[in-house]
Undergrad: 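Sharing a structure with you now.
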Amino acid sequence: MTDAQREMLISHDSNETRVALLENGELVELYVERPKRSVVGNVYLGKVKDVLPGMQAAFVDIGLDKNAFLYVDEIVIPARAEPGSRRDIASLVRPGDQVLVQVLKDPMGTKGARVTTDITLPGRFVVLMPFSDSVGVSRKLADADRDRLHAVIEQKVPAGVGAIVRTVAQGVADKEILADLEFLLRLWKRVSHQAEEALAPEVVYTEMDLALRLVRDVFSDGFKRLVVDDKTTHAKVVSFLKKTSPELVKRVSHFRERTALFDAYGVTPVIDSAMRRVVELPSGGHIAIDRTEALTAVDVNTGRYVGRKNLEDTIVRINLEAAGEVARQLRLRDIGGIIVIDFIDMERPESRAAVMKRLTEALERDRTKTRVLEMSRLGLVEMTRKNVTDGLFGTMTEVCPRCNGQGRVLSAATRRIAVERRLRELLGSAGSSAFLFGVHPETYDLLMAPGTNVIAALKSETRKEVSIVPDAECEPLEVKVLIEGRSGFLKRSIDTLRRR
């Protein structure tokens with residue numbers, strides 16, 4: 001697979017920071033951070049609130065709205081555990097204990113943050129692991145680079161401390177690698193001292209903001225350019241790179257055009273499409289993406305594509321296009337957790353193998369860890385993608401107040417029948433002879449539609465005077481009694497309202 005031409009765009013204003021990663025001019029990843037920023041990577045001195053042996057987990061107060069979740073396997077400093085004993089949560093932590101934890105996953109929905117005691121401090125070229133004793137190098141580097149970097153870092157890492165050399169260290173001078181390591185060792189010393197002085201719950205280390213975090217973790221010699229539209233953010237990025245990778249500063253530019261940065265690069269329409277359920281494929285087929293609490297389902301459909309030769313060729317072409325688009329949408333929308341892809345059924349094993357090859361190749365560019373299982377005879381592919389944040393969907397959308405997340409609302413006929421039923425109940429339970437009702441404007445249009453003589457039917461059934469008016473303050477199924485009395489009084493009241 002040839003290397004793509006990569007670019008990074010950073011757009012910042014008072015409301016949010018957006019970072020877009022482009023490959024060959026196409027948006028492949030988008031990250032959004034608002035004033036209530038992600039807490040992933042933050043280190044807290046927390047207090048254990050509850051220990052649940054049945055779940056082998058503990059809930060830790062770290063000062064957020066919801067207590068954080070600490071699983072037994074995420075505890076790497078078993079202070080109370082005896083040598084050779086079975087790892088049991090009750091033997092590792094107790095209510096009231098103070099523990100130093102780092103956030104692995106942001107709070108999502110009704111769940112609190114997920115945390116670990118295995119603290120890691122990422123630098124530009126090195127990741128420091130204070131509670132590990134292993135030294136490693138990114139597997140994405142060539143063997144020669146790996147051997148060199150391992151030798152450089154191993155002799156400088158203190159005993160009882162671990163480190164990993166990152167992919168961006170490729171071709172970097174030894175002194176720059178060691179300078180990054182020394183910085184992280186000083187940083188850990190400050191964090192440890194602050195933790196000793198802190199009173200739980202308290203944050204003792206805050207991760208960089210989104211722009212600097214992605215520049216640190218992603219921006220490298222493999223990028224053609226980095227464009228920033230905010231003067232202050234541009235200055236911060238340049239300052240950071242001057243200290244860590246001065247050779248990359250020349251690739252950073254300040255965007256000063258009147259046109260919005262994302263509009264100039266054609267990113268805005270792609271972001272809009274990432275909010276839609278259905279994604280069109282070049283041939284005319286499409287994929288539909290549906291999120292549930294347990295998993296994300298992706299359905300592949302032929303759409304308007306009818307093929308040219310035979311059914312199998314038609315299906316294979318759609319599935320091959322879908323495989324690449326699914327991988328792209330997972331990255332773009334930052335979808336995590338369990339994902340099930342329902343490809344169109346294929347008869348030939350070689351067809352299924354070709355689609356799986358396309359999918360795995362497309363996922364190779366994904367920086368987030370994925371695991372893909374084999375395709376079933378029914379065309380189902382199960383996979384997982386590491387879930388760290390709520391992704392674009394959770395950041396940029398909220399639950400619909402009309403359907404409460406169901407994705408569907410009551411039909412027009414159902415709403416009309418429900419309101420008619422409520423009108424009959426009110427008329428039947430009251431002793432007055434005349435009523436003026438208020439209903440939602442859309443409901444009013446349903447009741448007054450041609451061929452739906454609701455008022456005449458109610459008058460005939462109840463022998464009472466009935467008038468209905470639209471009321472914008474009503475809910476779709478709500479009926480308000482605006483005026484109740486005798487017929488003459490009701491008529492005079494309505495005439496008075498009309499004159500106003």
Side-chain angles (χ1 to χ4, degrees), residues 6-23 25 27-43 103 106 121-127 166 168 172 176 179-180 183-184 186-187 190-191 194 203-272 274 332 334 367 388-392 394-396:
R6 307 180 73 196
E7 299 166 285
M8 180 183 292
L9 311 178
I10 300 178
S11 178
H12 174 81
D13 57 34
S14 59
N15 295 312
E16 64 183 11
T17 298
R18 297 179 296 170
V19 181
L21 303 185
L22 279 62
E23 292 180 359
L27 178 65
V28 292
E29 294 181 33
L30 177 69
Y31 301 92
V32 179
E33 186 171 83
R34 291 174 179 168
K36 187 180 178 181
R37 54 185 289 189
S38 169
V39 294
V40 171
N42 288 3
V43 179
V103 177
D106 276 324
L121 297 179
R124 173 68 172 161
F125 307 114
V126 179
V127 176
R166 311 180 73 161
V168 291
V172 176
E176 294 183 41
D180 197 39
F183 165 76
L184 292 174
R186 291 195 302 271
L187 175 61
R190 291 200 303 269
V191 171
Q194 189 166 342
V203 60
V204 295
Y205 168 76
T206 303
E207 178 61 295
M208 291 179 173
D209 62 32
L210 177 66
L212 287 182
R213 190 164 68 244
L214 284 173
V215 169
R216 178 195 68 195
D217 296 345
V218 180
F219 190 61
S220 65
D221 191 55
F223 279 80
K224 181 181 179 181
R225 65 172 63 91
L226 166 56
V227 187
V228 189
D229 67 1
D230 177 67
K231 182 179 179 180
T232 303
T233 305
H234 175 263
K236 287 197 305 182
V237 169
V238 170
S239 176
F240 175 78
L241 288 175
K242 281 182 177 179
K243 298 174 184 176
T244 58
S245 302
E247 73 280 0
L248 294 178
V249 172
K250 61 185 178 182
R251 303 191 186 191
V252 182
S253 62
H254 183 201
F255 187 81
R256 295 182 174 90
E257 305 297 328
R258 290 188 176 183
T259 306
L261 174 61
F262 277 23
D263 289 345
Y265 279 80
V267 171
T268 302
V270 184
I271 297 174
D272 294 340
L332 176 58
D334 198 16
R367 295 185 303 113
V388 178
T389 69
D390 260 346
L392 283 189
T395 303
M396 301 181 69

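Just so it is clear, the structure is predicted and the values come from calculations on it, not from any experiment.
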Undergrad: Quick check for you: to the nearest 0.5 Å, what is the distance between Tyr265 atom OH and Thr259 atom OG1?
TA: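 The OG1 atom of Thr259 is 12.0 Å from OH of Tyr265, to the nearest 0.5 Å.
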
Undergrad: Among Val249, Val237, Val238, which residue meets the side chain to side chain contact (heavy atoms under 4.5 Å, CB included) test with Leu226?
TA: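 Answer to the side chain to side chain contact (heavy atoms under 4.5 Å, CB included) test with Leu226 among Val249, Val237, Val238: Val237.
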
Undergrad: Hey, could you give me the CG/OG distance between Leu248 and Ser220, rounded to the nearest 0.5 Å?
TA: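 Going from the CG atom of Leu248 to the OG atom of Ser220 covers 7.5 Å.
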
Undergrad: Taking atom types as modelled, is there a side-chain donor on Tyr31 or Glu29 under 3.5 Å from an acceptor on the other?
TA: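 Tyr31 vs Glu29: donor-acceptor pair found between side chains.
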
Undergrad: Is it the case that the side chain of Arg166 and the backbone of Gly123 share a donor-acceptor pair, with hydrogens and angles ignored and the cut-off at 3.5 Å?
TA: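 Present.
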
Undergrad: Decide yes or no on side chain to side chain contact (heavy atoms under 4.5 Å, CB included) for Met396 and Glu16, but give the supporting numbers first.
TA: CA-CA 11 Å; Met396 301 181 69; Glu16 64 183 11; 5.8 Å; no

Undergrad: How long is the gap from CZ on Phe223 to CE on Met8, to the nearest 0.5 Å?
TA: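 That separation rounds to 4.5 Å.
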
Undergrad: How close do Phe262 and Ser11 get, counting heavy atoms only, and between which atoms?
TA: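 Distance-wise, the nearest heavy atoms are CE1-CB, 3.7 Å.
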
Undergrad: Using side chain to side chain contact (heavy atoms under 4.5 Å, CB included), reason through Phe125 and Ser245 one step at a time and then give a plain yes or no.
TA: CA-CA 10 Å; Phe125 307 114; Ser245 302; 3.5 Å; yes

Undergrad: To the nearest 0.5 Å, what is the distance between CG (Leu332) and CD1 (Ile271)?
TA: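 One finds 8.0 Å between CG of Leu332 and CD1 of Ile271.
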
Undergrad: Within the side chain of Asp334, is there an N or O that forms a donor-acceptor pair under 3.5 Å with the backbone of Leu392?
TA: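 Judged by distance alone, no pair lies under 3.5 Å.
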
Undergrad: How long is the span from the CZ atom in Arg6 to the CG atom in Leu21, to the nearest 0.5 Å?
TA: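 One gets 6.5 Å once the value is rounded to the nearest 0.5 Å.
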
Undergrad: To the nearest 0.5 Å, what is the distance between CD (Glu207) and CG (Leu121)?
TA: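 Taking CD in Glu207 and CG in Leu121, the distance rounds to 9.0 Å.
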
Undergrad: Please say which of Lys250, Arg216, Arg124 ends up in a side chain to side chain contact (heavy atoms under 4.5 Å, CB included) with Leu241.
TA: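 Only one of Lys250, Arg216, Arg124 forms a side chain to side chain contact (heavy atoms under 4.5 Å, CB included) with Leu241, namely Arg124.
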
Undergrad: Can you check whether Arg367 reaches Val218 side chain to side chain, under 4.5 Å on heavy atoms?
TA: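 Arg367 reaches Val218 side chain to side chain.
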
Undergrad: Which of these, Leu27, Val19, Leu30, Val227, sits in a side chain to side chain contact (heavy atoms under 4.5 Å, CB included) with Leu9?
TA: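 Testing Leu9 for a side chain to side chain contact (heavy atoms under 4.5 Å, CB included) against Leu27, Val19, Leu30, Val227 leaves exactly one candidate, Val227.
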
Undergrad: For residues Thr233 and Ile10, determine if any side-chain heavy atom of one lies less than 4.5 Å from a side-chain heavy atom of the other.
TA: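 The answer is yes; the side chains approach within 4.5 Å.
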
Undergrad: Would you say Asp106's side chain and Val39's backbone share a donor-acceptor pair under 3.5 angstrom?
TA: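 The answer is yes, because a donor-acceptor pair under 3.5 Å joins these two groups.
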
Undergrad: Going by the salt bridge (Lys or Arg N to Asp or Glu O under 4.0 Å) test, which pairs reach into residues 221-247, not counting sequence neighbours?
TA: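 Counting only pairs at least two positions apart or across chains, the salt bridge (Lys or Arg N to Asp or Glu O under 4.0 Å) contacts touching residues 221-247 are Glu7-Arg225, Asp209-Lys236, Asp221-Arg251.
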
Undergrad: Evaluate side chain to side chain contact (heavy atoms under 4.5 Å, CB included) for Phe183 paired with Val126, printing each intermediate quantity in order.
TA: CA-CA 10 Å; Phe183 165 76; Val126 179; over 6 Å; no

Undergrad: When you compare the side chains of Thr268 and Asp263, does any donor N or O come within less than 3.5 Å of an acceptor on the partner?
TA: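 Note: Thr268 and Asp263 side chains meet the donor-acceptor criterion.
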
Undergrad: I'd like to check Tyr205 versus Asn42 (side-chain heavy atoms, cut-off strictly below 4.5 Å). Are they in contact?
TA: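 Not in contact.
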
Undergrad: Is the backbone N or O of Phe240 less than 3.5 Å from a side-chain atom of Thr244, with the two atoms forming a donor-acceptor pair by type?
TA: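 Judged by distance alone, yes, a pair lies under 3.5 Å.
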
Undergrad: Check whether any side-chain N or O of Glu33 sits under 3.5 Å from a backbone N or O of Thr17 as a donor-acceptor pair, and report yes or no.
TA: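 Looks like no, no N/O pair under 3.5 Å.
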
